[in-house]
Amino acid sequence: MAKFFTVGKYRSHNRRDYRHELPCLSIVIGTQRFDTYDWSLGGFRIDDYKGRPPVGEMVTISQLSYSPQHTVAVDCKATVTRIVLGKNQVAFAFNKLDEAAFDFLESASMQRLSLLSSSGK
């Protein structure tokens, strides 16, 4: 079993995939919709919520979107990896991305580049 831990401001995390803030993704976990703070092909970070499973447990994601025109039904698994202390946030790592989710996240990455180029950042 993988080891999971809570991190604080003095412990950095080892990240393979750089997380993006734009476009803001919405994720449906169970029946609840959450907007992400950041995301990547490796995972995402959202507000903490009542009924959140403990660190190490897996959740099912049924939908990803970044606008009403860009929504996809998915069947993905993600694991609660850490609780971000002092920010009331939860970080997840994707365990299994189906093809629709992978394609959607790649498309969202391209949308991010378009948003950044049009905003002049």
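Starting from 1, each residue takes its place in the sequence as its number.
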> For Leu105 and Leu64, what are the C-alpha separation, side-chain angles and deciding distance, and is it a side chain to side chain contact (heavy atoms under 4.5 Å, CB included)?
Replying inline: CA-CA 9 Å; Leu105 292 173; Leu64 299 173; 4.2 Å; yes
> Quick one: does Phe94's side chain get under 4.5 Å of Leu41's, heavy atoms only?
Replying inline: no
> Does Gly42 offer a backbone N or O that forms a donor-acceptor pair with the side chain of Ser40 under 3.5 Å?
Replying inline: yes
> Judged by atom type as modelled, is there a donor-acceptor pair below 3.5 Å linking the side chain of Thr71 to the main-chain atoms of Ser65?
Replying inline: no
> Would you say Trp39's side chain and Cys24's backbone share a donor-acceptor pair under 3.5 angstrom?
Replying inline: no
> Transitively linked via ILVMFWY side-chain contacts under 4.5 Å: Val72 with Phe102?
Replying inline: yes
> For Tyr37 and Phe44, what are the C-alpha separation, side-chain angles and deciding distance, and is it a ring pair (Phe, Tyr, Trp, His ring centres under 6.0 Å)?
Replying inline: CA-CA 7 Å; Tyr37 285 99; Phe44 58 94; over 10 Å; no
>> Looking at every heavy atom in both Ala73 and Ala100, which two are closest together, and how far apart are they?
In response: O-CB, 4.1 Å
>> Could you work out, with side-chain contact (heavy atoms from CB on, under 4.5 Å) as the rule, every residue matching Thr60, not counting sequence neighbours?
In response: Asp75, Lys77
>> Evaluate Ile61 against Val74 for side chain to side chain contact (heavy atoms under 4.5 Å, CB included), listing each step before the verdict.
In response: CA-CA 7 Å; Ile61 299 162; Val74 297; 4.1 Å; yes
> Can you tell which of Ile83, Asp47, Asp48 makes a side chain to side chain contact (heavy atoms under 4.5 Å, CB included) with Asn88?
Replying inline: Asp48
> Heavy-atom count around Lys96 NZ within 6.0 Å, excluding the residue itself: above 12?
Replying inline: yes
> Any donor-acceptor pair under 3.5 Å linking the side chain of Asn95 with the backbone of Thr79?
Replying inline: yes
>> With clusters defined by side-chain heavy atoms of hydrophobic residues (ILVMFWY) lying less than 4.5 Å apart, directly or transitively, does Val28 cluster with Leu25?
In response: no
> Residues in side-chain contact (heavy atoms from CB on, under 4.5 Å) with Tyr49, at least two apart?
Replying inline: Ile29, Gln32, Phe34, Ile46, Arg52, Pro53, Val59, Phe92
>> Using every non-hydrogen atom in the two residues, find where Pro23 and Ala108 come nearest and quote the distance to one decimal.
In response: CD-O, 3.3 Å
>> Would you say that Ile27 contacts Arg33 through its side chain, given a criterion of any heavy-atom pair below 4.5 Å between the two side chains?
In response: no
